[in-house]
Every structure is written in C-alpha cells, then in structure tokens.
Protein chains: 2
Amino acid sequence: MKKVSLKDIAEITGVSTSTVSFILNGKASEMRISEALKKKVLATANKLGYQPNQIAVSLRTGQTKILGLLVEDISNNFFALLAKTIEDEAEKFGYRVVYCSTENDNKKGQALLRMLAQRQVDGFLITPTLGMETDIIKLQLQHKPVVLMDRYFPEVDVPHVLVNNYGGVTSAMQHLIQQGYERIAFITVDLALNQMQEREDAYNDALSKSSTQKTKSKKNILSIDPTASREEKKKLIARFLKNNKPDAVFFATNYLGILGLECLREQKIRIPEELAVVCFDDHDIFRLYIPDISVVQQPVEEMGRRAVHLLMDQLGKNRGAATKNQLRLDATFVPRESTQKI
Amino acid sequence: MKKVSLKDIAEITGVSTSTVSFILNGKASEMRISEALKKKVLATANKLGYQPNQIAVSLRTGQTKILGLLVEDISNNFFALLAKTIEDEAEKFGYRVVYCSTENDNKKGQALLRMLAQRQVDGFLITPTLGMETDIIKLQLQHKPVVLMDRYFPEVDVPHVLVNNYGGVTSAMQHLIQQGYERIAFITVDLALNQMQEREDAYNDALSKSSTQKTKSKKNILSIDPTASREEKKKLIARFLKNNKPDAVFFATNYLGILGLECLREQKIRIPEELAVVCFDDHDIFRLYIPDISVVQQPVEEMGRRAVHLLMDQLGKNRGAATKNQLRLDATFVPRESTQKI
DNA sequence: CTGAAAGCGCTTACAG
DNA sequence: CTGAAAGCGCTTACAG
C-alpha cells in the first residue's frame, strides 16, 4: 500500500492534476466542472483513500495552519491546561498547535523559536522567559504574528494577555485582614518577573492601607532564591515560619505552596486552626486536594482563549474582533471550604 | 526583513544553490569544495540569518523528523508527564514530537491520526482508545512505524510497552492483608480496557489466595459506569462505603481516588485511622499532597523512554537495540508515609 | 469546461 | 572542484 497522490488519481480518471485539485478542494462548481466528472474523481479519491500531503500544500501555499506554543513546562498543570484550551480554541479556526517547553531556559527557548520558525508555523503564542525580549522583537520584524501570555515586556509593544495578579492578591489580603488575622506572612520567589513583583506589591499595599494592621504588624516577607534546592527552600520556609510565627501565610506560587505544606506537616502545624494558608493555584490542585486552604485562582482557560483570538486578529481570521490587543484578566480569590460554609 | 533562501545566498556569493546546499549541510569536504568558498558562503549565510525552510526539506527528503503522539488527555498529569518524557527522549534522536488528545473519543482519535498522517509524521506513539484497532492496522499496512503505550490489542501484533498492573495491585494487596486488614474493598471503573481488567483480577486473586481473608471476608467490588456524572459517581461510592463498611479501600484509578477522598471528607471518615486507602497514582499527586494514603506508582517515564526506543528501532535509528518489542514494566507499590516511618 | 506549466525551497544524482 | 537540472506533491494563474 503506497501513498496515493493527486497525480495517481489524475492518471486513473484520465484528467489533469489541476482538475483533480480543483474538485478535491471544493472548487468544482466555481471552475464549472461537470457533475459527472466531479463524481468520478471524488469516487476514486475516496476509494484509494487519498490524503493530501500537507507538506506539499504548505510549501505551495506558504501556510502551515500550525501555531507554535511556547510554555515553560508542559508537564506543569498550569501550562498543560493552558495548552489544551489553546488547542481547542485554535481548532475552531482551523489551526493546529505544537507545544514546546522552554524549562525557563533562554538558550532552549531561543532554539525552540528557531525550530518553530524553520517549520514555518503561522503564528506564535508565548509565555516568555526573562531575556527573550530580543527574540520576540525579531519575530515581529519578520512580521510573524505573536501573542505573549502571563508575562510581558513593559517596554515592548506586543499583543499580550496577562493576569491581574495585583487584584487577586488584594482580595485575598482584604479577606484575611477582615477575618482578623494580624501576622500575615508572604512567601515568594526572588525572581524579577513582573507578575511576581505585582503579587508582592499587592501584599505590601494591602498591609499599608489596612488600619488594623498598620499598628500591630509589619511586613513579613520571605523571598526565596529560585536556584536553591528543594530541600534548601523547605529549610528556609521552616525557619521563617518558626521565627516569625505568623497566623496566616500567603504562598505566592503553587510550587511554594506545596513545599510550605510539607513543612507544616512536618512541624505538625494544623491548617487552618493554627495557621491560615492562602496559595496561588494554577489548576484547582489545592482546591481539589486540600480544601482547608484558600486559593487565588488563575484564569487559565480564559487566558488561552483570548490569546488565540489575539493571534487570529493578526492572521486576519477573526473578523469583527477585539480592538484592544493588550488584555489583563482577573484572578479570583476563593476562600477555603470551611470558611465558605460557616 | 524578508525570509532569506538558499537562492539568495547563492546569488550573493555568486555560486550555485547546489554548492550552497552542500556547504550548509556540512558536505563541503565530502564534495571537495575549497575552504575559501566554504568560509565565504558560511559567513554570508550567517550574516543574513539564514534558516532552512523545513517544509521544503521535508518535501524533498520525505522525512519530517516529527513523531506523532496520541494520548487521551494532555491536561491529565499522567499523559503530560508521558509526553514530556517522550519529547526529551525523542530529541536525543533528532526528532520533534507533536501531541494530540483523543479525549477517549474514537472519532476524534481517527481524525487526529489522519491529520498526523497528512502532516507526514515519521512515526506514531499511541495510547489507543477502544476500537482504534483497525486504524492501527491501517498504519501498519502503510508501513508507518507505530508503538502502543499503556494499552494494547491482544489480537494485533504491534510493538507496545505496558504496565504490569497485575503486579502492582498484587503487592499492594499483599501488604494490606499482611497488615491485617480484613474487609478490603475495590472500587473500579466499568471499562473493558485490559489494564482495568488486570487490576481487578489481581484484587480477586490476592483475596482468593489469602488464607486469612478466605474465611473472613468476600470480594467487595464496586464497578462504576464511566459515563455517569461526577456527582452520581460520588453517590455510588458513598453508598458503597456506607453499606459495606470496609477497613481498607483500593481505588483502581487516580480519578476515582479523588472522588473517593471527597466522599470520605464529607462523611468525616479519617484516613488512615478509620479507613486505609490505596490508589493508583499517575504522577505522584497523592504522594505529594496526601501522604496518608498508599499508592501504586505507574512507571510513566520509563514507559515513555522505552516507547521512543521501540519507535527508533523501526526507524532504524537505534543501533544495537532491543530484541523484544513488546514490553511490560513494573508498577511500584509505595506504602503511606506513616507506615514507612513506623 | 479542462489542461499545460510555473513555482513553493530545498536535495541530490549526474555531468563536466 | 562546481553547476544545471530534475523532482518531492501540491496550487493557481493563464491559455484555450
């Protein structure tokens, strides 16, 4: 069973490849090809199980109908859900998606961008790593459609869709303050990503503005070196909790939350009786598995859908679409179950 | 900034495209091209930022260097980790991977296989859905390299790599029986997948063989209709637990485990004091988040690596490789933390 | 109504 | 040592 080509069908039916091509692409009536011929060609194409070679089509038309998606780590829930949403949404517009993981490594990210460009993807969806700025600019210079997600470069004018981290943390902090917590700690990662900065700012601002807190407690931040080992990080968190004895703690990332919970377990600190915990939750992990902690939910799915739309705008496939191409979506604070029920 | 092609470089340096192609593909010395010319061509290619158009290369060479990976749901941890492992392993052989989710829907699976074939992927890695059998056979007839993972069709001779589910459940059961549990329940999904059947068989056999259990308890199985809603499933589990009052329960899938834990929480049944829980764990989720339950760990990463190797064998890229092309890997039983420590 | 021909950007025998 | 030419499998003006 060899691959069957347009030419094969043309030979068998005794017409030219052009005619076959027109018929198979639904342009029979447009080209005023006779019904009889059309039926005959369609029938033999069907019988032989003809599948067009998309490689050839792409080379000829200059379109691959493929979108390149660059995420940090596809095995991470946040990015996996993002990828899936994007895949589904892109499909509605007739596009396929190939995903790649940068592992937060710039060299790898650049290599992947190059690879995607070589494969002639029609557009790029990217959660950029630090320092990927110039690569993004290069893509724009080549007139490649690009949309940034989750992170962005304030100085560069690229369509993007972000999360309102500031708002999410603010709601959570207001809730904690209102509930009477007086020693709220904030554990974050020492990374110069703008979304991390935003989260910290929101924490600081919430405390500054709170009249009850203002007098009683001061800011209580642990900023952890991301290059430290897992065990080192845990040690830092454990020591911090022991020294500062907070009555509530805010973990600024999902991963820190996991580490933190391990520490709390080892120290036999009970949640939420002895310590209230709030964590950024990428994919309802905490909500599903540990209902005793409160979460700030990321609008992952909406982010994915919007990003695809912004890309389609650039590809000219989304008629009557968004006027704004730089979006910021809300993150939702969800108090722990027990709180909700009381 | 237009895309630069081989021809551009040929024109600028004043040689033919053939010469440029040879030089750029490292065949300069083989073709005995002068050093000076080689340097000149390389320099201008570099200056212009030349990137070969892989679409054209693929069309010409008949190789895309892309592998198609078909999984059930990429946003599921098990498949996400599998995909990532495969991606990393394939890269070592110079291959890229495109993933697709079947959502356990045959129609969609077939459409995706067709799409991958049209895109001319060089090989297929598949976790097959029920009834995908004929499609797999078709691929083999077209001499497309295929490897099946996690599931297989006993009647069809296709390279595959599976998990020894029977062994994993057996170890877990032996452990429970040895620890003195007397009313061990088994909650599974009513799906005719061979790996589910294996798990249930192992449960039954373990009980039959156990001398202590033989007299005291009989088999206690709840088999849930997979098409039921989440809430219905939870109700079934809750009723089953209430009626049967097991002292240990074995959830045959990760998802059932999550539902079960929700039920236990709602009924305020304490783990492991009032009920021991064992669950199949796809991706260390339970181990990380809930140390009080025991798990049967799937060898996801090894499965991915082995699958790539089996595919490379077929592509002729893995010299001196496996003689066996149907593998079965062990699943590991990991008792809950507290058990380990005592 | 239908066909011959060019061309997408490469690689690779073949010829000199 | 290097170039002219064919061809991978399509699409699409162009001609009749």
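Computed from heavy atoms alone, side chains included, the values below leave out hydrogens, waters and symmetry copies. Protein chains get the first letters and strands the later ones, always in sequence-line order, with residue 1 at the start of each.
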Visitor: Scan for side chain to side chain donor-acceptor pair (under 3.5 Å) pairs involving residues 58-72 of chain B, sequence neighbours excluded, and state none if there are none.
Guide: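 Applying side chain to side chain donor-acceptor pair (under 3.5 Å) to every pair that reaches into residues 58-72 of chain B, excluding sequence neighbours, yields B/Thr64-B/Asp122, B/Glu72-B/Asn104, B/Glu72-B/Arg151.
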Visitor: In residues 41-60 of chain B, which residues come under 4.0 Å of DNA chain D by heavy atom?
Guide: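 DNA chain D contact set from residues 41-60 of chain B: B/Leu59, B/Arg60.
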Visitor: Going by number, which of residues 114-121 of chain B have a non-hydrogen atom under 4.0 Å from DNA chain C?
Guide: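 Nucleic-acid contacts, sorted: none.
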Visitor: Run the side-chain contact (heavy atoms from CB on, under 4.5 Å) test against A/Glu91 and tell me which residues pass, sequence neighbours left out.
Guide: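 Not a single residue meets the side-chain contact (heavy atoms from CB on, under 4.5 Å) criterion with A/Glu91.
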Visitor: Which residue lies toward the 5' end of DNA chain D, B/Leu37 or B/Thr61, if each is placed at its nearest nucleotide?
Guide: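 Final value for this comparison: B/Leu37.
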Visitor: What pairs with B/Asp105 under side-chain contact (heavy atoms from CB on, under 4.5 Å), at least two apart in sequence or on another chain?
Guide: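 B/Lys107, B/Lys108.
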Visitor: For the pair made of CD in B/Gln63 and P in C/dC10, what is the distance, rounded to whole Å?
Guide: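 About 17 Å, once rounded to whole Å.
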Visitor: Could you state the CD1-C1' distance from A/Ile9 to D/dG9, rounded to the nearest angstrom?
Guide: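 Going from A/Ile9 (CD1) to D/dG9 (C1'), I get 12 Å.
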Visitor: Just to be sure I understand the rule, does A/Lys27 reach a base, reach only the sugar-phosphate, or reach nothing, if contact means heavy atoms closer than 4.0 Å?
Guide: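 Answer is sugar-phosphate: A/Lys27 comes under 4.0 Å of backbone atoms only.
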Visitor: With P as the reference atom in both, quote the distance from D/dT12 to C/dC1 in angstrom, rounded to an integer.
Guide: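 D/dT12 and C/dC1 have their P atoms separated by 22 Å.
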Visitor: Going from CG on B/Leu70 to CZ on B/Phe79, what distance comes out if it is rounded to the nearest 0.5 angstrom?
Guide: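 Output value for this atom pair is 10.0 Å.
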Visitor: For B/Gln326, what residues pass the side-chain hydrogen bond (donor to acceptor under 3.5 Å, both in side chains) criterion, not counting sequence neighbours?
Guide: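 If we apply the side-chain hydrogen bond (donor to acceptor under 3.5 Å, both in side chains) test to B/Gln326, skipping adjacent residues, the hits are B/Asp157.
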Visitor: Could you list the residues that satisfy side-chain contact (heavy atoms from CB on, under 4.5 Å) with B/Ala307, not counting sequence neighbours?
Guide: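 Once residues adjacent in sequence are excluded, the partners of B/Ala307 under the side-chain contact (heavy atoms from CB on, under 4.5 Å) criterion are B/Leu125, B/Val147, B/Met149, B/Val161.
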Visitor: For the atom pair CG (A/Asn325) and CG (A/Leu310), what is the distance rounded to the nearest 0.5 Å?
Guide: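 A/Asn325 CG to A/Leu310 CG: 6.5 Å, rounded to 0.5 Å.
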Visitor: Could you state the atom-to-atom distance from NZ of A/Lys3 to P of D/dG9 in whole Å?
Guide: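 Rounded to the whole Å, the gap is 10 Å.
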Visitor: Can you tell me how far CG of B/Asp135 sits from CG of B/Asn106, rounded to the nearest 0.5 angstrom?
Guide: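 Separation between the atoms: 7.0 Å.
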Visitor: Only counting residues at least two apart or in another chain, list the ones meeting ring-ring contact (aromatic ring centres under 6.0 Å, His included) with A/Tyr152.
Guide: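 Scan of A/Tyr152 (ring-ring contact (aromatic ring centres under 6.0 Å, His included), adjacent residues dropped) gives A/His160.
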Visitor: Dot-bracket for DNA chain C, 5' to 3', with Watson-Crick and G-U pairs under 3.5 Å, [ ] for crossing pairs and | for other-strand pairs: what is it?
Guide: |||.||||||||.|||
Visitor: Once rounded to the nearest 0.5 Å, what's the spacing between atom CZ of B/Phe22 and atom CG of B/Leu37?
Guide: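 B/Phe22 CZ to B/Leu37 CG: 12.5 Å, rounded to 0.5 Å.
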Visitor: Over how many whole Å does the gap from A/Lys7 atom NZ to C/dG3 atom P extend?
Guide: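 That distance rounds to 16 Å.
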Visitor: I need the NZ-P distance between A/Lys40 and C/dT2, as an integer number of Å.
Guide: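 Atom-to-atom, A/Lys40 to C/dT2, this comes out as 10 Å.
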Visitor: What's the separation between atom CG in A/Leu311 and atom CZ in A/Phe93, rounded to the nearest 0.5 Å?
Guide: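 If we round to the nearest 0.5 Å, A/Leu311:CG and A/Phe93:CZ are 10.0 Å apart.
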Visitor: Only distances under 3.5 Å count here; give the side-chain donor-acceptor pairs of residues 6-20 of chain B to other protein atoms, sequence neighbours excluded, each with its distance to 0.1 Å.
Guide:
unit_1: B/Asp8; atom_1: OD2; unit_2: B/Ser5; atom_2: N; d: 2.8
unit_1: B/Asp8; atom_1: OD2; unit_2: B/Ser5; atom_2: OG; d: 3.4
unit_1: B/Thr13; atom_1: OG1; unit_2: B/Ile9; atom_2: O; d: 2.7
unit_1: B/Thr13; atom_1: OG1; unit_2: B/Ala10; atom_2: O; d: 3.4
unit_1: B/Ser16; atom_1: OG; unit_2: B/Ser18; atom_2: N; d: 3.4
unit_1: B/Ser16; atom_1: OG; unit_2: B/Ser18; atom_2: OG; d: 3.2
unit_1: B/Ser16; atom_1: OG; unit_2: B/Thr19; atom_2: N; d: 3.3
unit_1: B/Ser16; atom_1: OG; unit_2: B/Thr19; atom_2: OG1; d: 3.1

Visitor: Name every residue in residues 11-25 of chain A that has at least one heavy atom under 4.0 Å from any atom of DNA chain D, in order of residue number, or write none if there are no such residues.
Guide: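 Here the set is A/Ser18, A/Ser21, A/Phe22, A/Asn25.
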Visitor: Apply side-chain contact (heavy atoms from CB on, under 4.5 Å) to A/Gln118 and list each qualifying residue two or more places apart in sequence or on a separate chain.
Guide: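 Partners of A/Gln118 under the side-chain contact (heavy atoms from CB on, under 4.5 Å) test: A/Arg114, B/Gln51, B/Pro52, B/Gln54.
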